[in-house]
Amino acid sequence: MTLGRLVKLSAAGSLALFLALAVLSKGWLEPDGMLIFDSRLAGYGLAEANTYLGALEAGQKQLYLGWFRWLDTVFPALLTFCLAGVVWGQARGVHPAMRLSLMIIPAAYLVMDLAENALVAEMLRSAALDADTVGRASGFTIAKWGFLALSLGLCVWAWRWAPKQRARGGS
């Protein structure tokens, strides 16, 4: 199977998982319209976390820790493969060492997302939240979104770069 085909499959899988996560969060994990932790681009504080967790029922916490967490572990891994594959495949005119070093950005997105997920699970299981855990989880949430934006920008750059290099006779 070619890289292009794998990237397309990971893109399709990412989209399907994103839609499933959106349905679960909008349908069951957003009491009174409060966003799940993952969706809070600007992060959140201890008071916001306590308010959100206080509004969740036991079944909602189980869903968050069960199916939602499983999907939210597979989704960023597939998305990272897709983003890295786009950069690698579209930036063929860039030296392979440079392309490889650019993979750090999508990988950083994955690490931030998985770290965020682990801390959110800890918060969901906790009887009482502490400011340190909430602050770290919030920081990973903000960093995740930042690295995702950088990764998407990198994909656009690679997509625009490769045709220019081929047109000039680059490899």
Side-chain angles (χ1 to χ4, degrees), residues 1 3 5-88 103-156:
M1 190 173 287
L3 176 63
R5 179 116 170 101
L6 288 172
V7 169
K8 287 177 184 174
L9 286 172
S10 66
S14 296
L15 178 60
L17 290 175
F18 177 79
L19 292 173
L21 288 165
V23 167
L24 287 174
S25 64
K26 293 293 177 195
W28 290 277
L29 297 176
E30 293 186 357
D32 300 323
M34 288 184 274
L35 293 175
I36 60 170
F37 294 120
D38 298 65
S39 296
R40 298 176 188 221
L41 277 64
Y44 41 89
L46 181 60
E48 293 171 295
N50 273 318
T51 300
Y52 175 74
L53 290 174
L56 288 179
E57 296 173 4
Q60 291 171 305
K61 286 184 181 182
Q62 281 306 113
L63 175 62
Y64 210 145
L65 288 166
W67 276 105
F68 189 88
R69 180 152 188 226
W70 185 86
L71 293 171
D72 198 24
T73 299
V74 177
F75 166 73
L78 272 179
L79 183 58
T80 297
F81 181 84
C82 177
L83 295 167
V86 168
V87 172
W88 185 263
M103 299 300 116
I104 292 170
I105 295 171
Y109 155 72
L110 177 62
V111 169
M112 297 300 122
D113 200 344
L114 295 178
E116 170 203 38
N117 292 348
L119 287 167
V120 166
E122 185 179 322
M123 290 172 10
L124 285 160
R125 289 185 186 108
S126 177
L129 294 181
D130 63 90
D132 181 56
T133 302
V134 173
R136 286 185 296 132
S138 178
F140 281 121
T141 300
I142 295 166
K144 167 190 80 172
W145 286 109
F147 280 113
L148 180 58
L150 285 172
S151 296
L152 292 170
L154 188 57
C155 287
V156 171

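As the structure is a prediction and not an experimental result, all values here were calculated from the model.
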Counting N and O atoms only, with roles assigned by atom type, does the side chain of [X] sit under 3.5 Å from a partner on the main chain of [Y], one being a donor and the other an acceptor?
X	Y	value
S126	E122	no
W67	Q62	no
S138	Y44	yes

Side chains of [X] and [Y]: closer than 4.5 Å at any heavy-atom pair?
X	Y	value
M1	L9	yes
Y109	K144	yes
Y64	D38	yes

### Task
Start with the C-alpha distance between I36 and F68, add both sets of side-chain angles, then the distance that settles side-chain contact (heavy atoms from CB on, under 4.5 Å), and finish with yes or no.
CA-CA 11 Å; I36 60 170; F68 189 88; 3.4 Å; yes

For [X] and [Y], which heavy atoms make the closest approach, and how far apart are they?
X	Y	result
Q60	A55	OE1-O, 3.8 Å
T141	R40	CG2-O, 3.3 Å
I142	A42	CD1-O, 3.5 Å
A137	M123	CB-SD, 3.8 Å
P76	D113	CB-OD2, 3.3 Å
M103	A84	SD-CB, 3.3 Å

### Message
For a side-chain contact (heavy atoms from CB on, under 4.5 Å) check, start with the C-alpha distance between V74 and L78, then their side-chain angles and the critical distance, and finish with the verdict.
### Response
CA-CA 6 Å; V74 177; L78 272 179; 4.3 Å; yes

Which distance, rounded to the nearest 0.5 Å, do you find between the [atom1] of [X] and the [atom2] of [Y]?
X	Y	atom1	atom2	value
L150	W145	CG	CH2	13.5 Å
R5	L3	CZ	CG	12.5 Å
W88	F81	CH2	CZ	12.0 Å

### The single option from L154, V7, I105 passing side-chain contact (heavy atoms from CB on, under 4.5 Å) against V87
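Of the listed residues L154, V7, I105, the side-chain contact (heavy atoms from CB on, under 4.5 Å) partner of V87 is L154.
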
### Message
Walk me through whether V134 and F37 qualify under side-chain contact (heavy atoms from CB on, under 4.5 Å).
### Response
CA-CA 10 Å; V134 173; F37 294 120; over 6 Å; no

### Task
Apply salt bridge (Lys or Arg N to Asp or Glu O under 4.0 Å) to R136 and list each qualifying residue two or more places apart in sequence or on a separate chain.
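R136 satisfies salt bridge (Lys or Arg N to Asp or Glu O under 4.0 Å) with D132 once adjacent residues are dropped.
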
For residues 13-35, dump all side-chain donor-acceptor pairs below 3.5 Å to protein atoms at least two apart in sequence or in another chain.
unit_1 : atom_1 : unit_2 : atom_2 : d
S14    : OG     : S10    : O      : 2.7
S14    : OG     : L79    : N      : 3.2
S25    : OG     : L21    : O      : 3.1
S25    : OG     : A22    : O      : 3.1
K26    : NZ     : E30    : OE1    : 3.1

### Query
Under the side-chain contact (heavy atoms from CB on, under 4.5 Å) criterion, do L114 and T73 qualify, and how do the steps go?
CA-CA 7 Å; L114 295 178; T73 299; 4.1 Å; yes

